[in-house]
Amino acid sequence: MENYKEIIPPSALRKFDEMCLHNEYLYLNKEMQQQILSWATDMLKESRTDWEKLHKVTVEAVMKIKNTEKAKKGAVARDKKYAEFRNKFAEIQKERYEIALINGTKLTANGFVEWFLKNKTNIPVPYSEQNQKNKLRQLAQQNNRKLKKLLLS
C-alpha cells in the first residue's frame, strides 16, 4: 500500500489513532485499520482530483470573463477612435444623398464610396488601405439604411 501518511493530514491521523485506542475492536484488528486508512487515502485522492478539475474550470472561467471585459474595453476605445470620422462621413453622405434625391437619381453605397475616395479633401480615413473600401462600403450601407428610414418616417 502507498504511504498514506503523505495523503492523509497528520491531524486526521491523530484522530484516527485516538479512535483506534478507544474502540476495542479497531484496536485489536490491524487489518481493519489498514482497510480504513486505504479507503480514506482513496477518497482523498479522488476528492483532490475533483478539486483540481474544479479549480481549473474556475480559473478558466475567470480568465474568460477578464478577456471578455478586455475585449469590450478595446471595442469601446476603437469606437471612440473612429467616431469622429464616422460622423463626418455620414454628414457628407447625407449631403450627397439629398443631392441625388433632388436630381432624381439613386445614391448607392458603392457609388458614394467611389465618389468619396476620389473627392475626399483633407479627411484622413482611419482604416488601413487594404481594407479601406470594404470598411467604407459597410459604413455607407449602414448610413443608407438610416437615411432610408428617415425618408419613410
Side-chain angles (χ1 to χ4, degrees), residues 1-19 33-153:
M1 182 182 135
E2 292 182 36
N3 191 353
Y4 58 85
K5 292 178 182 177
E6 293 175 9
I7 306 289
I8 301 174
S11 60
L13 286 174
R14 280 193 296 278
K15 287 179 185 177
F16 180 72
D17 285 343
E18 281 181 33
M19 191 172 67
Q33 290 178 20
Q34 285 302 317
Q35 287 176 346
I36 292 171
L37 288 174
S38 177
W39 168 81
T41 302
D42 291 344
M43 181 197 62
L44 283 172
K45 282 181 184 178
E46 288 176 21
S47 294
R48 286 182 182 164
T49 301
D50 292 343
W51 294 333
E52 287 172 3
K53 288 177 186 174
L54 182 61
H55 179 263
K56 182 180 177 185
V57 168
T58 303
V59 168
E60 288 172 355
V62 168
M63 292 303 295
K64 185 176 180 181
I65 290 169
K66 284 187 176 187
N67 289 340
T68 301
E69 289 174 1
K70 186 178 176 181
K72 286 179 181 177
K73 287 178 183 177
V76 168
R78 279 189 306 280
D79 187 57
K80 286 180 183 178
K81 176 182 170 184
Y82 297 122
E84 185 179 333
F85 172 76
R86 277 195 321 264
N87 293 337
K88 185 69 175 165
F89 188 78
E91 285 176 32
I92 296 169
Q93 186 174 358
K94 184 178 180 184
E95 291 170 9
R96 297 298 302 170
Y97 196 85
E98 290 170 353
I99 292 170
L101 283 178
I102 292 169
N103 293 335
T105 59
K106 187 176 180 181
L107 180 66
T108 64
N110 286 337
F112 177 69
V113 169
E114 294 299 327
W115 177 88
F116 180 80
L117 289 173
K118 287 179 187 173
N119 297 300
K120 67 177 179 172
T121 53
N122 299 329
I123 301 174
V125 179
Y127 307 113
S128 66
E129 278 193 46
Q130 307 93 303
N131 206 16
Q132 211 171 61
K133 271 190 179 180
N134 188 34
K135 288 292 189 181
L136 290 175
R137 190 175 301 114
Q138 289 173 358
L139 189 54
Q141 288 170 345
Q142 287 176 347
N143 292 341
N144 267 357
R145 284 190 290 272
K146 289 177 187 174
L147 291 169
K148 286 178 185 176
K149 282 183 184 178
L150 287 175
L151 284 177
L152 295 174
S153 53

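- A heavy-atom distance below 4.5 Å is found between the side chains of Asn144 and Gln93.
- Taking CD1 of Ile65 as the start and CE of Met63 as the end, the distance is 11.0 Å to the nearest 0.5 Å.
- Residue pairs meeting the ring pair (Phe, Tyr, Trp, His ring centres under 6.0 Å) criterion with at least one member in residues 120-150, sequence neighbours excluded: Tyr82-Tyr127, Phe85-Tyr127.
- A 4.5 Å side-chain heavy-atom check between Val113 and Leu117 finds at least one atom pair inside the cut-off.
- Within a 6.0 Å sphere centred on CD of Glu84, heavy atoms belonging to other residues, nucleotides or ligands number 12 at most.
- Tested against Asp79 for a salt bridge (charged side-chain N to carboxylate O under 4.0 Å, His left out), the candidates Lys72, Arg86, Lys73 yield a single pass: Arg86.
- Proximity of Arg137 to Asn134: side-chain heavy atoms (C-beta onward) are separated by under 4.5 Å at one or more points.
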Q. When you look at Leu107 and Leu147, which way does the side chain to side chain contact (heavy atoms under 4.5 Å, CB included) test go after all the steps?
A. CA-CA 11 Å; Leu107 180 66; Leu147 291 169; over 6 Å; no
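- Between Arg145 and Lys149 the shortest side-chain heavy-atom distance does not fall below 4.5 Å.
- Note that CG of Asn87 and CD1 of Ile92 are 11.0 Å apart. Values are rounded to the nearest 0.5 Å.
- With rounding to the nearest 0.5 Å, the separation of CD1 in Ile36 from CZ in Phe16 is 4.5 Å.
- To the nearest 0.5 Å, the span separating OG on Ser38 from CD on Gln34 amounts to 8.0 Å.
- Among all heavy-atom pairs drawn from Tyr97 and Lys148, the shortest one is OH-CG, 3.4 Å.
- Ring geometry for Trp115 against Phe112 counts as parallel: the plane angle stays under 30°, on a 0 to 90° scale with 60° as the upper cut.
- Interatomic distance, CZ of Arg96 versus CD1 of Ile99, reported as 5.0 Å (0.5 Å rounding).
- Residue Asp42 holds its CG atom at 11.0 Å from CG of Leu37, rounded to the nearest 0.5 Å.
- A search for side chain to side chain donor-acceptor pair (under 3.5 Å) contacts involving Lys94 returns nothing, not counting sequence neighbours.
- Residues Ala109 and Gln141 share a closest heavy-atom pair of CB-CG, 3.5 Å.
- When all heavy atoms of Arg48 and Ile7 are compared, the closest pair comes out as NH2-O, 2.9 Å.
- The heavy-atom pair separating Asn143 from Ala90 by the smallest distance is ND2-CA, 3.6 Å.
- For residues 34-54, the set of pairs meeting the ring pair (Phe, Tyr, Trp, His ring centres under 6.0 Å) definition, not counting sequence neighbours, is empty.
- Side-chain contact between Asn110 and Glu114: absent, with no pair of heavy atoms (C-beta onward) separated by less than 4.5 Å.
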